[in-house]
Amino acid sequence: MSKVKPNEVYIFHVAETMSDIGLRSSRLLVKDVMSSPVITIEEGAPANRVAELMDKHGLGCIIITSKNAKPLGIITERDLVGRVLAKNVKPDSVKAKEVMTSPLITIEPDETISEAARRMSRLNIRRLGVMYKGQLIGLLSSKDILAIMPELLETIQEHALMEGENRAQEAPEESAPLAGYCDQCGGWSDNLNEVNGEFLCEDCRIELETEE
């Protein structure tokens with residue numbers, strides 16, 4: 001009779017816990033938990049204006065958009081501290097687009113909360129923009145998830161860590177595709193990948209490879 005290895009016991013435990021939690025989280029969708037409407041600011045606005053909006057609305061982040069309201073990225077309190085204050089840059093002299101983290105990682109409103117938590121864990125982020133038909137309709141944070149189901153995020157993080165270790169042993173991990181606007185053509189894509197520092201859709205990646 002073969003013995004069950006310690007790591008197998010751990011995997012079984014995680015699977016059972018995920019199954020139990022899944023019964024509850026499968027009933028909850030992103031649109032049921034997200035914050036809406038979303039406070040945004042245009043990419044050309046100065047960083048001090050971003051900070052003012054955060055303070056006014058009691059927020060930890062602001063979504064940055066283009067002039068035609070396309071979400072481009074996100075600025076968090078940490079971004080302001082690390083990219084403005086820590087570098088002794090005058091907040092009114094640097095634009096939002098120079099401080100933001102881009103692209104904005106997004107999710108559909110009808111996805112489950114468990115899928116949202118899994119995506120946050122896999123990409124090591126705390127917030128997801130909620131997109132519907134190319135429009136930003138909400139924002140979902142890890143705090144939103146923790147408020148309704150604290151055990152879910154912790155369990156999925158542990159599960160993702162185990163999966164990551166297994167993948168690292170088997171083969172080099174490929175970067176996960178992201179959803180957002182292509183830096184080349186500006187069109188919306190659910191399959192962005194980074195190429196030479198830019199996030200490109202599949203068509204633009206193929207075109208670039210053809211030119212080379």
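Worth knowing before you read on, the calculation uses all heavy atoms, side chains too, and leaves out hydrogens, waters and symmetry mates.
Considering CG of L72 and CD1 of I63, their distance stands at 10.5 Å, rounded to 0.5 Å. The structure places CZ of R126 at 10.5 Å from CG of L146, a figure rounded to the nearest 0.5 Å. Annotation: the span from L139 atom CG to D144 atom CG amounts to 7.5 Å, rounded to 0.5 Å. One distance of note links NZ of K95 with NZ of K97; it measures 5.0 Å at 0.5 Å rounding. Residue L140 holds its CG atom at 10.5 Å from CZ of R119, rounded to the nearest 0.5 Å.
Side-chain atoms of T112 and L28, non-hydrogen and from C-beta on, never get closer than 4.5 Å to each other. Proximity of V99 to V94: side-chain heavy atoms (C-beta onward) are separated by under 4.5 Å at one or more points. Proximity of L136 to T40: side-chain heavy atoms (C-beta onward) are separated by under 4.5 Å at one or more points. Counting only heavy atoms from C-beta outward, the side chains of S66 and E43 approach each other to under 4.5 Å. The shortest side-chain heavy-atom distance between V33 and I113 falls under the 4.5 Å cut-off. Two residues are said to be in side-chain contact when any heavy atoms from C-beta on lie closer than 4.5 Å; S141 and R127 meet this criterion. With a 4.5 Å cut-off on side-chain heavy atoms, M131 and I137 do not count as touching. You'll find the side chain of L53 reaches within 4.5 Å of the side chain of I41, heavy atoms only.
Qualifying salt bridge (charged side-chain N to carboxylate O under 4.0 Å, His left out) partners for D110, counting only residues two or more places apart in sequence or in other chains: K31. The side-chain hydrogen bond (donor to acceptor under 3.5 Å, both in side chains) check on S102 picks up nothing, with sequence neighbours excluded. For S36, there are no side-chain hydrogen bond (donor to acceptor under 3.5 Å, both in side chains) partners two or more places apart in sequence or in a different chain. Under the rule for a salt bridge (charged side-chain N to carboxylate O under 4.0 Å, His left out), E42 has no partner lying at least two apart in sequence or in another chain.
By the rule that hydrophobic residues join a cluster once side-chain heavy atoms approach within less than 4.5 Å of another member, V81 and M100 end up as members of separate clusters. Residues Y132 and V130 fall within the same hydrophobic cluster, defined by Ile, Leu, Val, Met, Phe, Trp and Tyr side chains chained together at heavy-atom separations under 4.5 Å.
A salt bridge links E115 with R118: the closest approach of a Lys/Arg side-chain nitrogen to an acidic carboxylate oxygen falls below 4.0 angstrom.
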- Can you list the steps and then say if R49 with E52 is a salt bridge (Lys or Arg N to Asp or Glu O under 4.0 Å)? CA-CA 5 Å; R49 178 57 182 154; E52 288 171 2; 3.5 Å; yes
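For N124, the CG atom sits in a loose shell: 12 or fewer heavy atoms of surrounding residues, nucleotides or ligands are nearer than 6.0 Å.
Among L128, I107, I105, the one residue that satisfies the side chain to side chain contact (heavy atoms under 4.5 Å, CB included) test with M120 is L128.
Sequence neighbours left out, the pairs with a member in residues 80-92 that pass side chain to side chain donor-acceptor pair (under 3.5 Å) are R83-T101.
Shortest non-hydrogen contact noted between L104 and P71 is CD2-CB, 3.8 Å. When all heavy atoms of A96 and I64 are compared, the pair lying nearest together is CB-CD1, 3.9 Å.
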Residues 54-62 side chain polar contacts: donor-acceptor under 3.5 Å, at least two apart:
none

